[in-house]
Amino acid sequence: METQEAFVYTLISILLSLLLLFWRFLWLSYIAVTSTPTPQLTSHSLTAESDETEFMSYMVRKSKTVNKALDEAVPLGEPVLKIREAMRYTLLSDGKRVRPMLCLAACELVGGHEATAMPSACAVEMIHASSIILDDLPCMDDDSLRRGKPTNHKVFGEDIAILASVALMGLAVKQTSSSTGAPPERVLRAVQVMAQAVGTEGLVAGQAEDLAGEGMSFEENDEAGLEHLEFIHIHKTAALLEAAAVVGAIMGGGSDEEIERLRKYARCIGLMFQVVDDVLDVTKSSEELGKTAGKDVMAGKLTYPKVMGVEKSREYAERLNREAREHLRGFDSDKAAPLFFLADYIVNRQN
(Lines give C-alpha, C1' and ligand atoms only; values in the text may rest on other atoms or scores of the structure.)
Protein backbone atom coordinates (compact mmCIF):
# COMPACT_ATOMS: atom_id res chain seq x y z
CA MET A 1 0.00 0.00 0.00
CA GLU A 2 2.77 2.33 0.96
CA THR A 3 4.51 1.52 -2.32
CA GLN A 4 1.37 2.45 -4.31
CA GLU A 5 0.97 5.75 -2.40
CA ALA A 6 4.60 6.60 -3.02
CA PHE A 7 4.14 5.89 -6.73
CA VAL A 8 1.04 8.14 -6.88
CA TYR A 9 2.82 10.96 -5.04
CA THR A 10 5.80 10.64 -7.39
CA LEU A 11 3.55 10.73 -10.45
CA ILE A 12 1.70 13.80 -9.15
CA SER A 13 5.02 15.54 -8.46
CA ILE A 14 6.21 14.83 -12.00
CA LEU A 15 2.97 16.14 -13.49
CA LEU A 16 3.11 19.29 -11.36
CA SER A 17 6.73 19.86 -12.39
CA LEU A 18 5.83 19.48 -16.06
CA LEU A 19 2.91 21.87 -15.61
CA LEU A 20 5.17 24.43 -13.94
CA LEU A 21 7.71 24.09 -16.77
CA PHE A 22 4.94 24.55 -19.34
CA TRP A 23 3.68 27.76 -17.73
CA ARG A 24 7.27 28.99 -17.29
CA PHE A 25 7.83 28.44 -21.03
CA LEU A 26 4.66 30.37 -21.89
CA TRP A 27 5.68 33.24 -19.57
CA LEU A 28 9.19 33.50 -21.03
CA SER A 29 7.74 33.49 -24.56
CA TYR A 30 5.35 36.26 -23.59
CA ILE A 31 8.19 38.33 -22.11
CA ALA A 32 10.30 37.83 -25.26
CA VAL A 33 7.51 39.02 -27.53
CA THR A 34 6.44 42.01 -25.46
CA SER A 35 10.01 43.19 -24.83
CA THR A 36 11.05 43.08 -28.51
CA PRO A 37 11.98 46.64 -29.60
CA THR A 38 9.75 48.34 -32.14
CA PRO A 39 11.24 47.66 -35.59
CA GLN A 40 13.11 50.55 -37.12
CA LEU A 41 11.75 52.26 -40.22
CA THR A 42 12.40 50.06 -43.26
CA SER A 43 12.72 50.99 -46.89
CA HIS A 44 9.04 50.12 -47.35
CA SER A 45 7.63 51.96 -44.32
CA LEU A 46 8.14 55.59 -45.31
CA THR A 47 4.66 57.10 -45.18
CA ALA A 48 2.89 60.37 -45.82
CA GLU A 49 3.18 61.03 -42.07
CA SER A 50 6.96 60.61 -42.05
CA ASP A 51 9.27 63.59 -41.61
CA GLU A 52 12.39 64.83 -43.39
CA THR A 53 14.72 62.95 -41.04
CA GLU A 54 13.02 59.66 -41.87
CA PHE A 55 13.29 60.45 -45.58
CA MET A 56 17.01 61.12 -45.28
CA SER A 57 17.38 57.75 -43.52
CA TYR A 58 15.42 56.20 -46.37
CA MET A 59 17.80 57.78 -48.91
CA VAL A 60 20.84 56.52 -47.01
CA ARG A 61 19.46 52.98 -46.95
CA LYS A 62 18.64 53.04 -50.66
CA SER A 63 22.09 54.50 -51.47
CA LYS A 64 23.85 51.75 -49.52
CA THR A 65 21.86 49.07 -51.32
CA VAL A 66 22.55 50.64 -54.72
CA ASN A 67 26.24 51.17 -53.96
CA LYS A 68 26.61 47.50 -52.98
CA ALA A 69 25.00 46.42 -56.25
CA LEU A 70 27.18 48.83 -58.27
CA ASP A 71 30.33 47.60 -56.53
CA GLU A 72 29.43 44.00 -57.41
CA ALA A 73 28.62 44.96 -61.02
CA VAL A 74 32.10 46.41 -61.67
CA PRO A 75 34.62 44.37 -59.69
CA LEU A 76 38.28 45.27 -60.04
CA GLY A 77 39.17 41.69 -60.89
CA GLU A 78 42.63 40.20 -61.38
CA PRO A 79 44.74 41.57 -62.87
CA VAL A 80 43.48 45.04 -61.94
CA LEU A 81 42.80 46.95 -65.15
CA LYS A 82 43.14 50.72 -65.36
CA ILE A 83 39.89 50.95 -67.32
CA ARG A 84 37.98 49.27 -64.48
CA GLU A 85 39.57 51.63 -61.97
CA ALA A 86 38.41 54.56 -64.10
CA MET A 87 34.86 53.17 -64.35
CA ARG A 88 34.66 52.64 -60.59
CA TYR A 89 36.21 56.04 -59.85
CA THR A 90 33.19 57.91 -61.18
CA LEU A 91 30.50 55.28 -60.71
CA LEU A 92 31.23 54.74 -57.00
CA SER A 93 32.14 58.32 -56.10
CA ASP A 94 29.95 60.09 -53.55
CA GLY A 95 26.65 60.92 -55.18
CA LYS A 96 23.05 61.46 -54.17
CA ARG A 97 21.86 58.40 -56.15
CA VAL A 98 18.69 60.32 -57.03
CA ARG A 99 18.17 58.45 -60.31
CA PRO A 100 18.39 54.89 -58.99
CA MET A 101 16.32 55.87 -55.96
CA LEU A 102 13.66 57.26 -58.30
CA CYS A 103 13.71 54.02 -60.30
CA LEU A 104 13.25 51.87 -57.19
CA ALA A 105 10.56 54.11 -55.70
CA ALA A 106 8.58 54.10 -58.98
CA CYS A 107 8.74 50.31 -59.10
CA GLU A 108 7.49 49.98 -55.53
CA LEU A 109 4.79 52.59 -56.09
CA VAL A 110 3.10 50.48 -58.79
CA GLY A 111 3.33 47.30 -56.72
CA GLY A 112 6.72 45.91 -57.73
CA HIS A 113 9.64 44.87 -55.55
CA GLU A 114 13.02 46.57 -55.13
CA ALA A 115 14.95 43.49 -56.28
CA THR A 116 13.09 43.48 -59.60
CA ALA A 117 14.16 47.04 -60.43
CA MET A 118 17.66 46.99 -58.90
CA PRO A 119 19.53 45.99 -62.12
CA SER A 120 17.75 48.79 -64.00
CA ALA A 121 18.39 51.27 -61.18
CA CYS A 122 22.11 50.44 -61.39
CA ALA A 123 21.98 50.78 -65.17
CA VAL A 124 20.51 54.28 -64.89
CA GLU A 125 23.34 55.27 -62.54
CA MET A 126 25.89 53.80 -64.97
CA ILE A 127 24.47 55.93 -67.78
CA HIS A 128 24.60 58.98 -65.50
CA ALA A 129 28.23 58.27 -64.58
CA SER A 130 29.06 57.79 -68.27
CA SER A 131 27.45 61.12 -69.14
CA ILE A 132 29.27 63.14 -66.48
CA ILE A 133 32.65 61.70 -67.55
CA LEU A 134 31.96 63.00 -71.07
CA ASP A 135 30.44 66.24 -69.79
CA ASP A 136 33.65 67.13 -67.92
CA LEU A 137 36.00 66.60 -70.91
CA PRO A 138 37.91 69.62 -72.28
CA CYS A 139 36.00 69.36 -75.58
CA MET A 140 32.68 69.54 -73.69
CA ASP A 141 32.26 71.53 -70.46
CA ASP A 142 35.97 71.36 -69.57
CA ASP A 143 35.73 70.87 -65.80
CA SER A 144 38.36 69.71 -63.34
CA LEU A 145 36.23 69.09 -60.24
CA ARG A 146 33.29 66.75 -59.72
CA ARG A 147 31.76 65.60 -56.41
CA GLY A 148 34.66 67.20 -54.57
CA LYS A 149 37.31 65.22 -56.48
CA PRO A 150 39.34 65.71 -59.68
CA THR A 151 37.31 64.74 -62.74
CA ASN A 152 37.90 61.39 -64.41
CA HIS A 153 40.09 62.64 -67.25
CA LYS A 154 42.28 64.57 -64.81
CA VAL A 155 43.09 61.33 -63.00
CA PHE A 156 43.17 58.77 -65.83
CA GLY A 157 43.70 60.87 -68.96
CA GLU A 158 41.22 61.72 -71.70
CA ASP A 159 41.71 58.46 -73.59
CA ILE A 160 40.89 56.21 -70.64
CA ALA A 161 38.07 58.53 -69.52
CA ILE A 162 36.34 58.22 -72.91
CA LEU A 163 36.78 54.44 -72.91
CA ALA A 164 35.43 54.24 -69.35
CA SER A 165 32.37 56.23 -70.42
CA VAL A 166 31.72 53.90 -73.38
CA ALA A 167 32.26 50.83 -71.18
CA LEU A 168 29.74 52.09 -68.61
CA MET A 169 27.15 52.69 -71.33
CA GLY A 170 27.55 49.14 -72.62
CA LEU A 171 27.46 47.72 -69.10
CA ALA A 172 24.19 49.56 -68.47
CA VAL A 173 22.51 47.64 -71.30
CA LYS A 174 23.94 44.36 -70.03
CA GLN A 175 22.83 45.16 -66.48
CA THR A 176 19.23 45.84 -67.48
CA SER A 177 18.99 42.80 -69.72
CA SER A 178 20.22 40.60 -66.86
CA SER A 179 17.04 41.22 -64.85
CA THR A 180 15.44 37.92 -63.90
CA GLY A 181 12.51 39.12 -61.81
CA ALA A 182 10.41 40.51 -64.66
CA PRO A 183 8.98 39.08 -67.92
CA PRO A 184 11.27 39.44 -70.99
CA GLU A 185 8.90 41.93 -72.66
CA ARG A 186 9.27 44.33 -69.72
CA VAL A 187 13.06 44.01 -69.83
CA LEU A 188 13.11 44.72 -73.57
CA ARG A 189 10.86 47.75 -73.11
CA ALA A 190 13.13 49.05 -70.33
CA VAL A 191 16.22 48.73 -72.56
CA GLN A 192 14.42 50.65 -75.32
CA VAL A 193 13.49 53.47 -72.93
CA MET A 194 17.10 53.78 -71.75
CA ALA A 195 18.46 53.78 -75.31
CA GLN A 196 16.04 56.57 -76.21
CA ALA A 197 17.12 58.61 -73.18
CA VAL A 198 20.76 58.44 -74.30
CA GLY A 199 20.51 59.17 -78.03
CA THR A 200 19.33 62.02 -80.21
CA GLU A 201 16.02 62.11 -78.32
CA GLY A 202 17.81 62.50 -75.01
CA LEU A 203 21.27 63.21 -73.58
CA VAL A 204 23.11 63.57 -76.89
CA ALA A 205 20.60 66.08 -78.25
CA GLY A 206 20.71 68.08 -75.02
CA GLN A 207 24.49 68.19 -74.90
CA ALA A 208 24.72 69.21 -78.56
CA GLU A 209 22.34 72.11 -78.03
CA ASP A 210 24.12 73.06 -74.81
CA LEU A 211 27.37 73.42 -76.76
CA ALA A 212 25.57 75.33 -79.53
CA GLY A 213 24.12 77.72 -76.96
CA GLU A 214 27.50 78.87 -75.64
CA GLY A 215 27.94 82.56 -76.28
CA MET A 216 24.33 83.10 -77.39
CA SER A 217 23.01 86.47 -76.31
CA PHE A 218 19.50 86.68 -74.89
CA GLU A 219 17.84 89.38 -72.87
CA GLU A 220 16.30 88.50 -69.51
CA ASN A 221 12.79 87.02 -69.95
CA ASP A 222 13.49 86.39 -73.63
CA GLU A 223 11.03 83.69 -74.79
CA ALA A 224 13.40 82.35 -77.46
CA GLY A 225 16.16 81.97 -74.89
CA LEU A 226 13.83 80.18 -72.48
CA GLU A 227 12.61 77.78 -75.19
CA HIS A 228 16.19 76.96 -76.15
CA LEU A 229 17.09 76.42 -72.50
CA GLU A 230 14.06 74.18 -71.91
CA PHE A 231 15.00 72.05 -74.93
CA ILE A 232 18.53 71.59 -73.60
CA HIS A 233 17.49 70.45 -70.16
CA ILE A 234 14.43 68.41 -71.09
CA HIS A 235 16.92 66.33 -73.05
CA LYS A 236 20.17 66.69 -71.12
CA THR A 237 18.89 66.51 -67.54
CA ALA A 238 15.22 65.51 -67.44
CA ALA A 239 15.45 62.69 -70.00
CA LEU A 240 17.47 60.39 -67.75
CA LEU A 241 15.28 61.13 -64.72
CA GLU A 242 12.23 60.36 -66.88
CA ALA A 243 13.86 57.11 -67.96
CA ALA A 244 14.57 56.18 -64.33
CA ALA A 245 10.94 56.62 -63.31
CA VAL A 246 9.50 55.00 -66.45
CA VAL A 247 11.83 52.00 -66.31
CA GLY A 248 11.07 51.48 -62.62
CA ALA A 249 7.33 51.56 -63.32
CA ILE A 250 7.73 49.19 -66.28
CA MET A 251 9.71 46.67 -64.23
CA GLY A 252 7.13 46.93 -61.45
CA GLY A 253 4.29 46.11 -63.83
CA GLY A 254 2.66 49.54 -63.86
CA SER A 255 -0.17 50.38 -66.22
CA ASP A 256 0.36 52.72 -69.19
CA GLU A 257 -1.56 55.43 -67.32
CA GLU A 258 0.64 55.03 -64.20
CA ILE A 259 3.80 55.06 -66.31
CA GLU A 260 2.75 58.26 -68.08
CA ARG A 261 1.98 60.06 -64.83
CA LEU A 262 5.35 59.07 -63.42
CA ARG A 263 7.05 60.23 -66.62
CA LYS A 264 5.44 63.67 -66.26
CA TYR A 265 6.39 63.79 -62.59
CA ALA A 266 9.99 62.97 -63.47
CA ARG A 267 10.14 65.60 -66.21
CA CYS A 268 9.09 68.23 -63.67
CA ILE A 269 11.70 67.23 -61.12
CA GLY A 270 14.30 66.90 -63.90
CA LEU A 271 13.79 70.51 -64.98
CA MET A 272 13.57 71.56 -61.34
CA PHE A 273 16.90 69.82 -60.65
CA GLN A 274 18.54 71.89 -63.38
CA VAL A 275 16.94 75.18 -62.34
CA VAL A 276 18.19 74.68 -58.79
CA ASP A 277 21.61 73.60 -60.12
CA ASP A 278 21.88 76.82 -62.15
CA VAL A 279 20.91 78.96 -59.15
CA LEU A 280 23.41 77.20 -56.89
CA ASP A 281 26.12 77.70 -59.53
CA VAL A 282 25.87 81.48 -59.10
CA THR A 283 25.09 81.60 -55.37
CA LYS A 284 27.41 78.99 -53.82
CA SER A 285 31.17 78.42 -53.65
CA SER A 286 33.12 75.56 -55.21
CA GLU A 287 33.73 74.13 -51.73
CA GLU A 288 30.01 74.11 -50.98
CA LEU A 289 29.10 72.59 -54.35
CA GLY A 290 31.89 70.03 -54.69
CA LYS A 291 32.41 71.27 -58.26
CA THR A 292 33.61 74.45 -59.94
CA ALA A 293 31.21 77.28 -59.14
CA GLY A 294 30.44 79.94 -61.76
CA LYS A 295 31.75 77.70 -64.55
CA ASP A 296 28.63 78.09 -66.72
CA VAL A 297 28.78 81.88 -66.51
CA MET A 298 32.46 81.92 -67.46
CA ALA A 299 31.75 79.61 -70.41
CA GLY A 300 28.95 81.87 -71.63
CA LYS A 301 26.36 79.10 -71.28
CA LEU A 302 22.63 79.63 -71.19
CA THR A 303 21.33 79.22 -67.64
CA TYR A 304 18.04 79.89 -65.94
CA PRO A 305 19.39 82.81 -63.88
CA LYS A 306 20.81 84.31 -67.08
CA VAL A 307 17.47 84.09 -68.87
CA MET A 308 15.06 84.56 -65.93
CA GLY A 309 17.09 86.07 -63.10
CA VAL A 310 17.81 84.33 -59.78
CA GLU A 311 14.53 85.11 -57.99
CA LYS A 312 12.29 84.15 -60.91
CA SER A 313 14.34 80.99 -61.34
CA ARG A 314 13.60 80.09 -57.71
CA GLU A 315 9.91 80.80 -58.27
CA TYR A 316 9.95 78.60 -61.37
CA ALA A 317 11.52 75.76 -59.36
CA GLU A 318 8.74 76.04 -56.78
CA ARG A 319 6.11 75.93 -59.54
CA LEU A 320 7.70 72.82 -61.02
CA ASN A 321 7.61 71.23 -57.57
CA ARG A 322 3.88 71.88 -57.29
CA GLU A 323 3.29 70.44 -60.77
CA ALA A 324 5.38 67.35 -59.95
CA ARG A 325 3.34 66.69 -56.82
CA GLU A 326 0.12 67.12 -58.76
CA HIS A 327 1.08 64.24 -61.07
CA LEU A 328 1.25 61.95 -58.02
CA ARG A 329 -2.33 62.66 -56.96
CA GLY A 330 -4.39 59.50 -57.13
CA PHE A 331 -1.58 57.18 -56.12
CA ASP A 332 -1.62 55.71 -52.61
CA SER A 333 -0.22 58.56 -50.47
CA ASP A 334 1.97 56.28 -48.37
CA LYS A 335 3.46 54.45 -51.35
CA ALA A 336 4.04 57.79 -53.11
CA ALA A 337 5.65 59.34 -50.02
CA PRO A 338 9.28 58.80 -51.22
CA LEU A 339 8.51 60.68 -54.45
CA PHE A 340 6.80 63.58 -52.65
CA PHE A 341 9.81 63.86 -50.33
CA LEU A 342 12.23 63.56 -53.26
CA ALA A 343 10.64 66.54 -55.02
CA ASP A 344 11.00 68.66 -51.88
CA TYR A 345 14.56 67.45 -51.39
CA ILE A 346 15.54 68.52 -54.92
CA VAL A 347 13.95 71.95 -54.74
CA ASN A 348 15.57 72.67 -51.35
CA ARG A 349 19.02 71.13 -51.95
CA GLN A 350 22.11 73.21 -51.25
CA ASN A 351 24.73 71.38 -53.33
Side-chain angles (χ1 to χ4, degrees), residues 98-100 102-103 106-107 117 119-137 139-141 162 165-177 179 185-214 216 223-252 254-275 277-278 301-304 307 320 323-324 327 346:
V98 168
R99 292 156 191 82
L102 174 58
C103 182
C107 177
S120 300
C122 289
V124 170
E125 189 65 10
M126 289 170 184
I127 293 172
H128 177 55
S130 172
S131 72
I132 62 179
I133 291 173
L134 292 180
D135 201 44
D136 292 334
L137 288 171
C139 61
M140 296 290 180
D141 286 354
I162 292 170
S165 176
V166 173
L168 283 168
M169 201 69 73
L171 185 58
V173 176
K174 179 183 176 183
Q175 191 74 11
T176 306
S177 61
S179 296
E185 59 270 19
R186 289 188 199 170
V187 176
L188 176 59
R189 189 178 175 189
V191 171
Q192 290 172 333
V193 169
M194 287 190 188
Q196 183 176 327
V198 172
T200 53
E201 297 176 78
L203 291 172
V204 169
Q207 181 65 18
E209 287 305 301
D210 191 21
L211 293 171
E214 290 183 7
M216 280 189 175
E223 285 297 322
L226 185 56
E227 285 179 15
H228 189 82
L229 192 59
E230 295 278 274
F231 179 92
I232 291 171
H233 295 303
I234 282 173
H235 294 79
K236 184 176 177 179
T237 306
L240 191 53
L241 283 157
E242 282 185 52
V246 168
V247 165
I250 289 171
M251 298 302 280
S255 67
D256 288 344
E257 188 264 341
E258 288 173 325
I259 291 170
E260 180 61 16
R261 286 166 61 196
L262 283 166
R263 185 192 66 76
K264 289 178 179 177
Y265 161 85
R267 173 166 291 198
C268 286
I269 68 167
L271 283 175
M272 181 170 67
F273 192 99
Q274 189 60 49
V275 175
D277 208 55
D278 285 356
K301 285 184 176 291
L302 278 180
T303 66
Y304 283 96
V307 175
L320 287 167
E323 290 178 12
H327 291 304
I346 288 173

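Every heavy atom of this structure was used, including side-chain atoms; hydrogens, water molecules and symmetry mates were not.
Residue Ala106 comes nearest to Ala245 through the heavy atom pair CB-O, 3.4 Å, listed as atom of the first residue, atom of the second, then distance. Between Thr176 and Ala190, the shortest heavy-atom distance links the atoms CG2-CB, 4.0 Å. Residues Pro119 and Gln175 approach most closely at O-CG, 3.2 Å, considering heavy atoms. When all heavy atoms of Gly202 and Ala239 are compared, the closest pair comes out as CA-CB, 4.0 Å. What you find for Ala197 and Ala243 is that their closest heavy atoms are CB-CB, 3.7 Å. Of all heavy-atom pairs spanning Ile259 and Gly254, the tightest one is CD1-O, 3.6 Å.
Considering only heavy atoms from C-beta on, Leu211 comes within 4.5 Å of Gln207 through its side chain. Using a 4.5 Å heavy-atom threshold, the side chains of Ile234 and Leu271 count as touching. Put simply, the side chain of Leu134 does not reach to within 4.5 Å of the side chain of Leu203, judged on heavy atoms. Using a 4.5 Å heavy-atom threshold, the side chains of Met251 and Val247 count as touching.
Note that OG of Ser131 is 9.0 Å distant from CG of Asp136, once rounded to the nearest 0.5 Å. Considering CG of Leu320 and CD1 of Ile346, their distance stands at 11.0 Å, rounded to 0.5 Å. The OG atom of Ser255 sits 11.5 Å away from atom CD1 of Ile250, with the distance rounded to the nearest 0.5 Å. From Glu242, atom CD reaches atom NE2 of His235 across 9.0 Å, with rounding to the nearest 0.5 Å. In this structure, Ile127 CD1 and Cys122 SG are separated by 11.5 Å, a value rounded to the nearest 0.5 Å. To the nearest 0.5 Å, atoms CG (Asp210) and NE2 (His228) are separated by 7.5 Å.
Partners of Cys268 under the side-chain contact (heavy atoms from CB on, under 4.5 Å) rule, at least two apart in sequence or in another chain, are Glu323, Ala324, His327. Every residue two or more places apart in sequence or in another chain was checked for a salt bridge (Lys or Arg N to Asp or Glu O under 4.0 Å) with Arg186, and none qualifies. Shown here are the ring-ring contact (aromatic ring centres under 6.0 Å, His included) partners of His128, two or more places apart in sequence or in another chain: there are none.
A salt bridge does not link Lys236 with Asp277: every distance from a Lys NZ or Arg NE/NH1/NH2 to an Asp or Glu carboxylate oxygen is 4.0 Å or more. Between Arg99 and Glu125 there is no salt bridge, since no side-chain N of the basic residue sits under 4.0 Å from a carboxylate O of the acidic one. Under 4.0 Å is where a charged nitrogen must lie from a carboxylate oxygen, and between Glu185 and Arg189 no such pair does.
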(request) Please test Met194 against Val173 for side chain to side chain contact (heavy atoms under 4.5 Å, CB included), starting from the C-alpha separation and ending with a verdict. (result) CA-CA 8 Å; Met194 287 190 188; Val173 176; over 6 Å; no
(request) Report the C-alpha distance between Arg261 and Tyr265 in whole Å, list the side-chain angles of each, state the deciding distance to 0.1 Å, and finish with yes or no for side chain to side chain contact (heavy atoms under 4.5 Å, CB included). (result) CA-CA 6 Å; Arg261 286 166 61 196; Tyr265 161 85; over 6 Å; no
(request) Kindly indicate, with the supporting measurements, whether the criterion side chain to side chain contact (heavy atoms under 4.5 Å, CB included) is fulfilled by Ile133 and Leu168. (result) CA-CA 10 Å; Ile133 291 173; Leu168 283 168; 3.9 Å; yes
